[in-house]
Amino acid sequence: MIDDGLRPIVTEFVEGMLNDPCCESVLLDVGDDAVVGSDLPVLYLDITGKHHDYILSIVGDEYSGSIRYATGETRTTVKRGRGAWGLRNLLNDFRTRLREES
């Protein structure tokens, strides 16, 4: 599905979110990368807090993340990168923001 170097980081993050009282819901989905019209496996993760949604997409060893307001506003922050170090930083940013909004 996703790069073996990223899998443990995502697994740890999802486990933490399932036990985090600041997290209202977790949606994890896998499928094909429809964005580029390929059959590359992709992982989608959507974490919902009180005021923001945190969205992560991983295709191979590349990831992108965004934060959108739960009110439906279209303002987003997108971070793109490769590899485990940047993904860990992005997920730590998501976790920090989620806890700050509660």
Side-chain angles (χ1 to χ4, degrees):
M1 178 175 45
I2 63 173
D3 182 78
D4 288 338
L6 302 183
R7 187 172 304 165
I9 296 168
V10 173
T11 301
E12 176 186 317
F13 180 74
V14 170
E15 286 176 2
M17 288 296 98
L18 291 174
N19 294 313
D20 193 320
C22 297
C23 178
E24 295 187 352
S25 71
V26 176
L27 172 66
L28 182 64
D29 193 11
V30 295
D32 296 338
D33 187 7
V35 174
V36 295
S38 73
D39 59 355
L40 291 172
V42 63
L43 177 137
Y44 298 101
L45 178 62
D46 190 338
I47 303 292
T48 302
K50 291 182 181 179
H51 306 289
H52 301 88
D53 291 334
Y54 304 89
I55 300 103
L56 173 70
S57 298
I58 301 176
V59 179
D61 68 344
E62 295 183 21
Y63 63 85
S64 65
S66 63
I67 302 168
R68 73 174 174 243
Y69 290 92
T71 59
E73 292 181 49
T74 58
R75 294 188 297 179
T76 60
T77 301
V78 177
K79 295 183 181 181
R80 297 185 183 279
R82 284 190 110 110
W85 179 256
L87 178 62
R88 189 172 298 279
N89 287 338
L90 175 64
L91 294 178
N92 284 338
D93 182 45
F94 281 3
R95 186 180 295 115
T96 299
R97 289 174 184 253
L98 182 71
R99 291 178 180 157
E100 287 174 350
E101 72 175 63
S102 53

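Throughout, residue positions are numbered sequentially from 1 according to the sequence presented.
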*Asks:* Please test Met17 against Leu98 for side-chain contact (heavy atoms from CB on, under 4.5 Å), starting from the C-alpha separation and ending with a verdict.
*Replies:* CA-CA 10 Å; Met17 288 296 98; Leu98 182 71; 3.5 Å; yes
*Asks:* Could you tell me the separation between the CZ atom of Phe94 and the SG atom of Cys23, rounded to the nearest 0.5 Å?
*Replies:* 12.0 Å
*Asks:* Quick one, Asp20 and Arg99 - any side-chain contact, counting heavy atoms below 4.5 Å?
*Replies:*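 Asp20 reaches Arg99 side chain to side chain.
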*Asks:* Can you check whether Val42 reaches Tyr44 side chain to side chain, under 4.5 Å on heavy atoms?
*Replies:* yes
*Asks:* Does the pair Leu45 and Phe13 meet the rule for a side-chain contact (heavy atoms from CB on, under 4.5 Å), with working shown?
*Replies:* CA-CA 10 Å; Leu45 178 62; Phe13 180 74; 3.7 Å; yes
*Asks:* Could you measure the distance from the OG atom of Ser66 to the CG atom of Leu56? Nearest 0.5 Å is fine.
*Replies:* 9.0 Å
*Asks:* Please answer: with hydrophobic residues joined when any side-chain heavy atoms are less than 4.5 Å apart, are Val14 and Ile55 in the same cluster?
*Replies:* no
*Asks:* How far does CZ of Arg97 sit from SG of Cys22, to the nearest 0.5 angstrom?
*Replies:*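 Answer rounded to 0.5 Å: 15.0 Å.
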*Asks:* Are any of the side-chain heavy atoms of Lys50 and Glu24 separated by less than 4.5 Å?
*Replies:* yes
*Asks:* Taking side chain as C-beta onward, heavy atoms only, is Arg68 less than 4.5 Å from Asp46?
*Replies:*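 Yes, side chains in contact.
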*Asks:* Do Tyr54 and Leu28 belong to the same hydrophobic cluster, where Ile, Leu, Val, Met, Phe, Trp and Tyr are linked whenever their side-chain heavy atoms lie under 4.5 Å apart, directly or via other members?
*Replies:*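 Shared cluster, yes.
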*Asks:* Report, one line per pair, each donor and acceptor closer than 3.5 Å where one atom sits in a side chain of residues 83-92; sequence neighbours left out.
*Replies:*
residue: Asn92; atom: OD1; partner: Arg95; partner atom: NH1; Å: 2.6
residue: Asn92; atom: ND2; partner: Arg88; partner atom: O; Å: 3.3

